[in-house]
Asks: 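One structure, as structure tokens, below. Some questions next.
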Amino acid sequence: MPVARPEPQEPRVIAHVDMDCFYVQVEQRRNLVLRGQPTAVVQYNDWKGGGLIAVSYEARGFGVKRSMRGDEAKRVCPGINLVQVPVARGKADLNLYRSAGSEVVAILASKGKCERASIDEVYLDLTDAAKEMLLQAPPDSPEEIFMEAAKSNILGLLSDAGEKEKNVRAWLCRSDADYQDKLLACGAIIVAQLRVRVLEETQFTCSAGIAHNKMLAKLVSGMHKPAQQTVVPSSSVQDFLASLPVKKMKQLGGKLGSSLQDDLGVETIGDLLSFTEDKLQEQYGVNTRTWLWKTARGISGEEVEDRLLPKSHGCGKTFPGPRALKNSASVKGWLDQLCEELSERIQSDLNQNKRIAQTLTLHARASKENERDSTKKFPSKSCPLRYGTGKIQEDAMKLFESGLHEFLESQNTGWSITSLSVTASKIFDIPSGTSSILRYIKGPSSAAPPAIPDSLSVPEDPSLDNDVFVKPIHEEQCQPSMSEKEDNNAHSASAISAKQRQANEEKRISKKLPEVKGTSSILKFLSWGQSTFHEKRKSDGLICSHQGPGSYSEANKAEEHNVPAEAGDRNNTSSCAEPSGSNTWMFNIQDIDPAVVEELPPEIQREIQGWVRPSKHPSTKRRGSTISSYFPPTRS
DNA sequence: ACGGCTGAAACC
DNA sequence: TGGTTTCAG
């Protein structure tokens, strides 16, 4: 359900930039022969010619649509070029398009706050830049840029045939305009400039919408395509929305939009205006009602987030019909492939952007052998993410088994899996100055060395594959890791990540967030007597097993030693995949007593400082003896 | 037997 | 919270 946000009182200048048939453009840049030709990008050519995921404008002219099959597209447009998405590890590999998207983001982020909305879309908050331009009177922009801006489409600006560009020029610099329109005009010029730069530096064209909020900018960015931009002056909003079909509005393309049509007879956004809150009251919750009310009036307070990188990484594959997986071995095989890709991607994120993912989640779709249409769904499962391909594979398989067990409800029926996916989420920036901790996170085995002292290189260390105490590696021993230049899987240029990290760090401080939620790898530094703690699952909280002399088996023992919580202690712990028979306790990396830090090698001490802080974890409140020096009760 | 693969966000 | 659901492209 959409949620309305408070509207900033000051007028903003927001742009939404959308790449034109992006995957096609990426392929056309790789293979110039495809330029200007009817072209589509397709994945999996073996079944009915594969599914189209992007279509060039030439091909659209022939009636080729996204979500056609390759065969169908050939029928409609025999001359079409079908380019296949690269395949790696038996699945579509979108990295080529991801990094192309990053090229664009790096350019678009130069003029103001920039939010990566998807692989090929961004939002920009150009308010400051527009105000700045407005201070120079008259605004100075190169004629080349102004010419481009003059090609804008201005919503509500009536133009006699052939006079459009002249009228737009006039609109862009009319001196009697109100302040808001002047800001928008500057926004249009800035966006035109950015689009020219994108074209020059990447060879990609894009379209854009410029308005006072995200909703309106997004709404019009696709209105004139390709390679055009559209401006929404305040004065044209009412008329524009009045005739806009409800389904065109973002968030109303699905069930909510259908409900508005079917249940209330609302056909356009304008129709919504005649509905008072009372009438909507019977149908929808308060959030939806106020969102609808504001939306109908073109009001949207949603801010542009300062974020150039994705919040999660996922890889998945479907196994339709006869391809469904029916035994653990085949599931394991595919899961291994997916995890391999995921591991590679988060490793790139780590190396390039200094970000660590905390949670691994497994999703699957499944059906049971006999029950034709069991409504029962395969449950998602998650656990703390441990770096290293082998570990991810191992953990993912455990998550699968756990989910399968729950799915089957101890029935003895056969099953089949029709889709699998693994996702890495809860990604945090690593605070500057703590980067050497990364040496203890396993990197790609093919890693080549980077000799930069404070670099993020992650050396291969086979011992890290074992859940045992690992001695700190000295700087000299530091193996080189993958060079950043060779890392073509990377998500963004370091120029981006530096700027982004800076922004994130400021955000973190202002919000008083903890610097970093620790990665479980830190546990490797913590030993208790001759015991070793093994990281196990659960995101945020960690479930750890204890091995060594004097094993503790039951909750009461755990209590006695003030282990924060026994695994079954929390009502949702049962959803974790736990190794049967092992002793598991849950605690949080943030629960570590600062005293422990003193026992650690100085190098590590410095690293951990700032990571160790009181935990919010409710299950850590009990007080105990021995182990409390390691895992003190929370004060709070 | 399918649009496949991604991603974000709100709800409970 | 983690897990589910919705939406989008």
Asks: With the side chain of A:Gln251 defined as its heavy atoms from C-beta on, choose the nearest nucleotide among B:dA1, C:dT4, C:dC7.
Replies: C:dC7
Asks: For A:Leu308 and B:dG7, what is the distance between atoms CG and C1' respectively, to the nearest whole Å?
Replies: 16 Å
Asks: Using a heavy-atom cut-off of under 4.0 Å over every strand shown, decide if A:Ser118 touches base, sugar-phosphate, or nothing.
Replies: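 Touches nothing.
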Asks: Starting from the 5' end of DNA chain B, give me the residue, A:Lys91 or A:Gly321, whose nearest nucleotide shows up first.
Replies: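 Of the two residues, A:Gly321 wins.
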Asks: Compare the minimum distances between each of B:dA9, B:dA1, C:dG2 and the side chain of A:Lys311, then state the nucleotide with the smallest one.
Replies: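 Of all the options, the side chain of A:Lys311 is nearest to B:dA9.
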Asks: With distance as the sole criterion, is a donor-acceptor pair present between the side chains of A:Thr359 and A:Ser382 under 3.5 Å?
Replies: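 Distance-only check fails for A:Thr359 and A:Ser382.
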Asks: Need one value for A:Gly314: base, sugar-phosphate or nothing, where a base atom within 4.0 Å counts as base even if backbone is also close, heavy atoms only.
Replies: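 Sugar-phosphate, no base atom in range.
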Asks: Which one, C:dT5, B:dA1, B:dC5, comes nearest to the side chain of A:Leu94?
Replies: B:dC5
Asks: A:Tyr97 vs A:Tyr23 aromatic rings, parallel, tilted or perpendicular, using cut-offs 30° and 60°?
Replies: parallel
Asks: Rounded to whole angstrom units, what separation is found between the NZ atom of A:Lys255 and the P atom of C:dT4?
Replies: 16 Å
Asks: Between B:dG7, C:dG2, C:dG3, spot the one nearest the side chain of A:Ser380, thanks.
Replies: C:dG3
Asks: List in chain and number order the residues that pass side-chain hydrogen bond (donor to acceptor under 3.5 Å, both in side chains) with A:Ser56, two or more places apart in sequence or in another chain; answer none if no residue qualifies.
Replies: A:Glu58
Asks: Could you work out which one of C:dC7, B:dA10, B:dT6 sits closest to the side chain of A:Arg345?
Replies: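 Of the candidates, B:dT6 comes closest.
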Asks: Decide, yes or no, whether a salt bridge links A:Asp46 with A:Arg323 under the criterion of side-chain N to carboxylate O below 4.0 Å.
Replies: yes
Asks: Nearest of C:dA8, B:dA1, C:dG2 to any side-chain atom of A:Lys250?
Replies: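 Nearest to the side-chain atoms of A:Lys250, counting from C-beta on, is C:dA8.
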Asks: C:dG9 and B:dA1: how far apart are their P atoms, nearest whole angstrom?
Replies: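 Rounded to whole Å, the distance is 27 Å.
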Asks: With a 4.0 Å cut-off on heavy atoms, is A:Ile119 in touch with a base, just the backbone sugar-phosphate, or nothing at all?
Replies: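 The answer is nothing, as A:Ile119 stays clear of every strand by at least 4.0 Å.
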Asks: What is the distance, rounded to the nearest whole Å, between atom CG of A:Leu52 and atom P of C:dG9?
Replies: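 Between P of C:dG9 and CG of A:Leu52: 18 Å.
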Asks: If you check the A:Arg98 side chain, which of B:dG7, C:dG2, C:dC7 turns out closest?
Replies: B:dG7
Asks: What nucleotide, of B:dT6, C:dT5, B:dA10, holds the atom closest to the side chain of A:Val3?
Replies: B:dA10
Asks: Separation of A:Asp20 atom CG from C:dG9 atom P, in whole Å?
Replies: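 One finds 14 Å between P of C:dG9 and CG of A:Asp20, rounded.
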Asks: Does A:Lys332 count as lying over the ring of A:Phe400, i.e. NZ or CZ under 6.0 Å from the six-ring centre, within 45 degrees of the axis?
Replies: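 No cation-pi geometry.
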Asks: For A:Arg365 and B:dA1, give me the distance from atom CZ to atom C1', rounded to whole Å.
Replies: 12 Å
Asks: Side chain of A:Ser312 only, heavy atoms from C-beta on: which candidate in B:dC5, C:dG9, B:dG7 is closest?
Replies: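 Of the candidates, B:dG7 comes closest.
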Asks: By nearest nucleotide on DNA chain B, pick out whichever of A:Glu115 and A:Arg66 is the more 5' one.
Replies: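 Mapping each residue to its closest nucleotide by heavy atoms, the 5'-most match is A:Arg66.
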Asks: Among B:dA9, B:dG7, C:dG3, which nucleotide sits nearest the side chain of A:Glu305?
Replies: B:dA9
Asks: Which heavy atom of A:Cys206 sits nearest to which heavy atom of A:Val17, and what is that distance?
Replies: SG-CG1, 3.7 Å
Asks: With a 4.0 Å limit, can you tell me whether A:Tyr44 has a side-chain N or O closer than that to the phosphate oxygens OP1/OP2 of B:dC5?
Replies: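 Yes.
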Asks: Which whole-number value in Å describes the distance from A:Lys381 NZ to C:dT1 P?
Replies: 17 Å
Asks: What is the nucleic acid contact for A:Leu252, judged by heavy atoms within less than 4.0 Å: base, sugar-phosphate only, or nothing?
Replies: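 Sugar-phosphate, no base atom in range.
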Asks: Rounded to the Å, how far apart are A:Lys247 NZ and C:dC7 C1'?
Replies: 11 Å
Asks: If I take atom CG in residue A:Leu219 and atom P in nucleotide C:dG9, what distance separates them, rounded to the nearest angstrom?
Replies: 11 Å
Asks: With a 4.0 Å cutoff (strictly under), does any side-chain N or O of A:Arg5 reach OP1 or OP2 of B:dA10?
Replies: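 For B:dA10, OP1/OP2 do have a side-chain N/O of A:Arg5 under 4.0 Å.
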Asks: Which pairs pass ring-ring contact (aromatic ring centres under 6.0 Å, His included) with one or both residues in residues 335-364 of chain A, sequence neighbours excluded?
Replies: none
Asks: With a cut-off of less than 4.0 Å, is there a side-chain N or O of A:Lys426 near OP1 or OP2 of C:dG2?
Replies: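 Yes, because at least one side-chain N or O of A:Lys426 sits under 4.0 Å from OP1 or OP2 of C:dG2.
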Asks: Flag as yes if A:Phe22 stacks onto the base of C:dG9 (centroids under 5.5 Å, planes under 30°), otherwise no.
Replies: no
Asks: Under 4.0 Å, counting only non-hydrogen atoms across every strand here, what does A:Lys218 touch: a base, just sugar-phosphate, or nothing?
Replies: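 Counting heavy atoms under 4.0 Å across all strands, the contact made by A:Lys218 is with sugar-phosphate only.
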